[in-house]
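Read the structure below first, then the notes.
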Amino acid sequence: MKTLKMIFWVLWRIWFYVLLGAPILIMLPFLVVSILKEKWYPYFFIMARIWAKVILFGMGFYYKVEREQEIEPHKSYMFVANHTSMADIMLMLAVTRNPFVFVGKKELSKIPLFGFFYKRTCILVDRKSSKSRMEVFNRAQKRLNQGLSICIFPEGGVPDDESVLLDEFKDGAFRLAIEHEIPIIPITFADNKARFSYTFMSGSPGIMRVKIHSFVETKGKTIENKKDIREVKEKVKEIIYNQLLVFQSKKKSA
C-alpha cells in the first residue's frame, strides 16, 4: 500500500507541472501580447485565472468560498492570505475577480516558462535587499494608480516548522495599504497545506475551503505612526489565525 501511495504522489506531482506549463503553451501568443503594454494587464489577468482553474480542477481540487463582504468591481484592495502551499497562488487567482498584481519572492522567476511571465507581471522582492523593498513600494503605487489591486502573502514565505499554524507577518502589505488608504481583505485558506504542501510525498485531491473576511479599513491611519501599522497588522493576523482555528475545529468534529 505504501508503494502504491509513493507511485501516486510521484505521478501526481509530475502531473502538476504538466498542468503548470500546458495552459501557458496553449495561450502563449495571447499571453505574450497581453504583457506588451501595462494597460493590457487585465486581459493577462483573465488568462491567469483560466490557467489557475485548469490546474486546480486538473489536480482534483475543488474550492468552496464563504464571503463576509462582497468585493466591489473596479476598486483597489490589498489582498492578504496565509501561505502554506504552491497552490495558494492558483487559489487566490481563482477566487478573486478584481485584477490584482502579486508581490512575491524573486526566486519563483527561475521556474521555466512560468517564471518568464511571473517576473514581467508581478512585483518581485528580494527580502535581503532594502533597495528592493523600496522599489516594491514604487511599483505598487504605479499599479494602484492604474486601478489594480495588490496581493501579498504577509508571512513572506512558508513556515519551515510544520507545527506553525501562522507565521509572523511582515509590515510591507500593511504599510502599502495605509499609505494608499485602500481596504485590506483578509483571506483564510483552510486546506492548502493538507492538499498540496511543499513536502513532496504528501497531499491528495479534495476540497479547499476559503473564507473571505470583512474588510479592514485603513483611512485615517498613517505610516508615520508605527502604532497604526502594528494595530492593522495584528488585527488582520488575528482574523486569519482565529479562522484557521475554526476550520481545524470543524475538521476534527466532522
Side chain D88, main chain T84, donor-acceptor under 3.5 Å: yes
Neighbour count >12 (heavy atoms, 6.0 Å) for atom CE, M6: no
Cation-pi, Y118 ring and R120 (6.0 angstrom, 45 degrees): no
CG-CZ distance between L124 and R139, expressed to the nearest 0.5 angstrom: 6.5 Å
Test log, rule side-chain contact (heavy atoms from CB on, under 4.5 Å), inputs V236 and F169: CA-CA 9 Å; V236 172; F169 279 11; 4.2 Å; yes
4.5 Å side-chain heavy-atom contact, L4 and F8: no
Hphob cluster co-occupancy, I35 + L28, side-chain heavy atoms under 4.5 angstrom: yes
Closest non-hydrogen atom pair between L56 and M208, with its separation: CD2-SD, 4.1 Å
Interatomic distance, R175 atom CZ to D228 atom CG [nearest 0.5 angstrom]: 12.0 Å
Side chains of F79 and I150 in contact at under 4.5 Å (non-hydrogen atoms): no
From R97 atom CZ to I46 atom CD1, the distance as rounded to the nearest 0.5 Å: 11.5 Å
N192 side chain to S85 backbone, donor-acceptor under 3.5 Å: no
Donor-acceptor side-chain pairing of R195 and S204 below 3.5 angstrom: yes
Path from L25 to L19 over hydrophobic side-chain contacts below 4.5 Å: yes
Test item: E68 side-chain N/O and S214 main-chain N/O as donor-acceptor pair under 3.5 Å: yes
Aromatic ring proximity F61/W12, centre distance under 6.0 Å: yes
R143 to Y41, cation-pi by 6.0 Å centre distance and 45° axis angle: yes
Minimal non-hydrogen separation, I184 against A177, with atom names: CG1-CB, 3.5 Å
Note, P23 side chain near I50 side chain (heavy atom, < 4.5 Å): no
Pairwise distance CG(L176) to CG(L144) - rounded to 0.5 angstrom: 7.0 Å
Short side-chain donor-acceptor distance under 3.5 Å, S197 and S202: yes
Between F215 and Y77, ring centroids under 6.0 Å: yes
Verdict with reasoning, E179 to F137, per side-chain contact (heavy atoms from CB on, under 4.5 Å): CA-CA 10 Å; E179 185 174 9; F137 279 88; 3.6 Å; yes
Side-chain heavy-atom pair N138, V136 within 4.5 angstrom cut-off: no
Any side-chain heavy-atom pair of I178 and V232 under 4.5 Å: yes
Rounded distance (nearest 0.5 Å) linking atom CG of D167 with atom CZ of F153: 14.5 Å
Heavy-atom closest pair, residues E217 and K221: O-CE, 4.1 Å
Side-chain touch I55/L20, heavy atoms, less than 4.5 angstrom: yes
V216 and I239, any side-chain heavy atoms less than 4.5 Å apart: yes
Check: K75 main-chain N/O paired with N98 side-chain donor or acceptor under 3.5 Å: yes
Hphob cluster co-occupancy, Y198 + F16, side-chain heavy atoms under 4.5 angstrom: yes
Within the 6.0 Å centroid threshold, strictly below: F114 and F116: no
Under 3.5 Å donor-acceptor, R49 side chain and A94 backbone: yes
Cluster link L245 to F189, ILVMFWY, side chain under 4.5 Å: yes
Hydrophobic cluster membership, I207 vs V95, 4.5 Å side-chain cutoff: no
Flag if over 12 foreign heavy atoms under 6.0 Å of OH, Y17: no
Under-4.0 Å salt bridge between K211 and E66: yes
Transitive ILVMFWY cluster of Y43, excluding itself - 4.5 Å side-chain cut-off: V33, L36, W40
Flag for H180-S76: side-chain donor and acceptor within less than 3.5 Å: no
side-chain contact (heavy atoms from CB on, under 4.5 Å) assessment of F100 paired with M92: CA-CA 10 Å; F100 64 79; M92 182 66 78; 3.5 Å; yes
Donor-acceptor contact below 3.5 Å, side chain S249 vs main chain V246: no
Check: W15 side chain, G58 main-chain N or O, donor-acceptor pair, under 3.5 Å: yes
For the student: nearest non-hydrogen atoms of L244 and L165, plus distance: CD1-O, 3.7 Å
Salt bridge (charged side-chain N to carboxylate O under 4.0 Å, His left out) partners of residues 237-246, not counting sequence neighbours, each pair once: E168-K237
Residues E181 and T218: side-chain donor-acceptor under 3.5 angstrom: no
Any side-chain heavy-atom pair of M47 and F30 under 4.5 Å: yes
Euclidean distance, E155 CD relative to L166 CG, rounded to 0.5 Å: 4.5 Å
side-chain contact (heavy atoms from CB on, under 4.5 Å) between V101 and V103, worked out: CA-CA 7 Å; V101 177; V103 174; 5.9 Å; no
Pi-cation contact, F196 with R13 (under 6.0 Å, within 45°): yes
